[in-house]
Amino acid sequence: MSLSLLVIGAHPDDPDIKAGGLACAGAAAGHDVLFVSMTDGRGGHHEDHGEGLVRRRREEAAAAAATAGISYRVLDTPDGRLRPTLDRREELVRLIRETDPDVVFTHRTNDYHPDHRYTSQLVRDAAYTVTVPNVCPETPILETNPVFAYLLDTFARPNPFEPELFVPIDEEALERKYDMLDCHESQMYEWLPYNKGNLDAVPEGGEARRTWLESDPHPGLRKMREAADRFRDGLIERFGAERGRAIEYVEAFEISEYGSPLSLEVEEELSSL
């Protein structure tokens, strides 16, 4: 079966970090994958700023999309200024209807960054609404509410992440995910290291930096390995003892009650990428 997968993050590189393996493996298997950034990324740097940074981040997203064989859209709301307004909600309703996805992935609402929280709220508010004819009537409705799923995080309050869908990431998908993240130079090698206080550790030169990236310095990458250990019992239950114990990297997703239930057919397709 061919699936349409929509990953909606707050910033360019959020979808890549949280669901890059899913995207790479999904695209290789013939599924349609669209990444969307709700903001333009202009807040994500310590030196670059303004329209120059926006252009740079759009170019990085386009390069990552080409690497993975997916599509990538960066919307125009300024980074750091996203609000859960009616205009933004209707923008998402139209986007989801036009995409007609089987599964929509996004952040959870309990998250450290306001753009992440508001992205989640907007996506949740668009759920079900995409099937209502009198909402945004100029855009044809979806006959069926998609599955909505949350991207992995480690926040525990008010409730911890509870995975229901596991996508094991094999070496090929892992390497392609690194290729995607390598495209986001402003983030992987500049802003995020600066923000974490380890900018001096980043080597100069593309090959050396890529090797450094593959050493797993970024918590978003470490979390694929940590998730496999954290959810080991679930992996064993889902894939059996032998394979469940052998999985080293996984991207995990929680299913939202605001969308359609995850069917066994879709779960098996995504879990076997």
Side-chain angles (χ1 to χ4, degrees), residues 7 9-25 35-70 72 74 78-80 82 107 111-116 119 151-155 169-230 248-252:
V7 185
H11 310 104
D13 83 323
D14 283 336
D16 313 60
I17 292 170
K18 297 290 189 176
L22 167 74
C24 293
F35 278 5
V36 172
S37 171
M38 289 297 297
T39 74
D40 62 10
R42 71 176 62 228
H45 211 275
H46 52 295
E47 294 176 339
D48 288 352
H49 58 87
E51 293 303 318
L53 180 57
V54 171
R55 286 193 298 273
R56 186 180 182 194
R57 297 202 67 182
R58 288 182 184 276
E59 290 168 358
E60 290 172 344
T67 295
I70 66 171
Y72 213 127
V74 179
D79 187 349
L82 183 67
H107 307 283
D111 193 293
Y112 78 104
H113 198 299
D115 286 346
H116 293 192
T119 292
L151 305 166
L152 174 64
D153 62 56
T154 57
F155 303 110
I169 307 302
D170 62 19
E171 289 298 325
E172 182 177 352
L174 180 65
E175 184 70 16
R176 188 70 62 85
K177 179 172 180 174
Y178 281 126
D179 289 340
M180 292 184 72
L181 293 171
D182 184 59
C183 294
H184 292 278
E185 294 182 356
S186 69
Q187 304 304 292
M188 298 301 114
Y189 304 124
E190 298 170 19
W191 165 241
L192 293 174
Y194 170 84
N195 192 241
K196 298 296 183 182
N198 65 340
L199 183 59
D200 291 343
V202 180
E204 295 185 9
E207 185 174 345
R209 290 190 311 183
R210 171 57 187 268
T211 300
W212 175 81
L213 183 64
E214 291 186 2
S215 70
D216 230 12
H218 191 282
L221 301 177
R222 285 201 306 274
K223 285 174 183 174
M224 287 190 296
R225 182 184 293 117
E226 293 170 357
D229 293 332
R230 175 181 169 189
E248 185 175 2
Y249 298 99
V250 71
E251 290 178 346

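Residue numbers run from 1 in the order of the sequence given. Everything numeric here is computed off the predicted structure, so don't read it as measured data.
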If you round to the nearest 0.5 Å, how far is [atom2] of [Y] from [atom1] of [X]?
| X | Y | atom1 | atom2 | value |
| --- | --- | --- | --- | --- |
| Phe35 | Asp13 | CZ | CG | 10.5 Å |
| Asp16 | Met180 | CG | CE | 4.0 Å |
| Leu22 | Lys177 | CG | NZ | 9.5 Å |
| Tyr178 | Leu213 | OH | CG | 6.5 Å |
| Glu248 | Asp229 | CD | CG | 9.0 Å |
| Tyr194 | Asp200 | OH | CG | 11.5 Å |

Between [X] (side chain only) and [Y] (backbone N and O only), is there a donor and an acceptor less than 3.5 Å apart?
| X | Y | answer |
| --- | --- | --- |
| Arg209 | Tyr189 | no |
| Arg58 | Val74 | yes |
| Gln187 | Gly44 | yes |
| Glu60 | Ser186 | yes |

With a sphere of 6.0 Å drawn around NE2 of His49, does it hold more than 12 non-hydrogen atoms of other residues, nucleotides or ligands?
no
In this structure, are over 12 heavy atoms from other groups packed under 6.0 Å from Glu172 atom CD?
no
Going by the rule side-chain contact (heavy atoms from CB on, under 4.5 Å), which residues pair with [X] if we only count those two or more places apart in sequence or in a different chain?
| X | value |
| --- | --- |
| Arg230 | Leu152, Thr154, Phe161 |
| Ala63 | Cys183 |
| Arg176 | Cys24, Thr67, Asp179 |
| Glu51 | Arg42, Val54, Arg55 |

What heavy-atom pair brings [X] and [Y] nearest, and what distance separates the two atoms?
| X | Y | value |
| --- | --- | --- |
| Ala65 | Tyr72 | CB-CB, 3.7 Å |
| Leu151 | Ala19 | CD2-CB, 4.2 Å |
| Pro193 | Trp212 | CG-CH2, 4.0 Å |
| Gly80 | Asp115 | N-OD2, 2.8 Å |
| Val7 | Pro15 | CG1-CB, 3.7 Å |
| Gly21 | Ala173 | O-CB, 4.1 Å |

Beyond-backbone contact of [X] with [Y], side-chain heavy atoms, under 4.5 angstrom:
| X | Y | result |
| --- | --- | --- |
| Glu207 | Arg210 | no |
| Met188 | Ile17 | yes |
| Asp79 | His11 | yes |
| His184 | Leu192 | no |

Tell me every residue that passes side-chain hydrogen bond (donor to acceptor under 3.5 Å, both in side chains) with Glu171, counting only those two or more places apart in sequence or in another chain.
none
Please test His45 against Arg57 for side chain to side chain contact (heavy atoms under 4.5 Å, CB included), starting from the C-alpha separation and ending with a verdict.
CA-CA 10 Å; His45 211 275; Arg57 297 202 67 182; over 6 Å; no
Would Lys18 and Asp153 pass as an ion pair if we require N to O under 4.0 Å?
no
Taking only residues two or more places apart in sequence or in another chain, which ones pass ring-ring contact (aromatic ring centres under 6.0 Å, His included) with His107?
His116
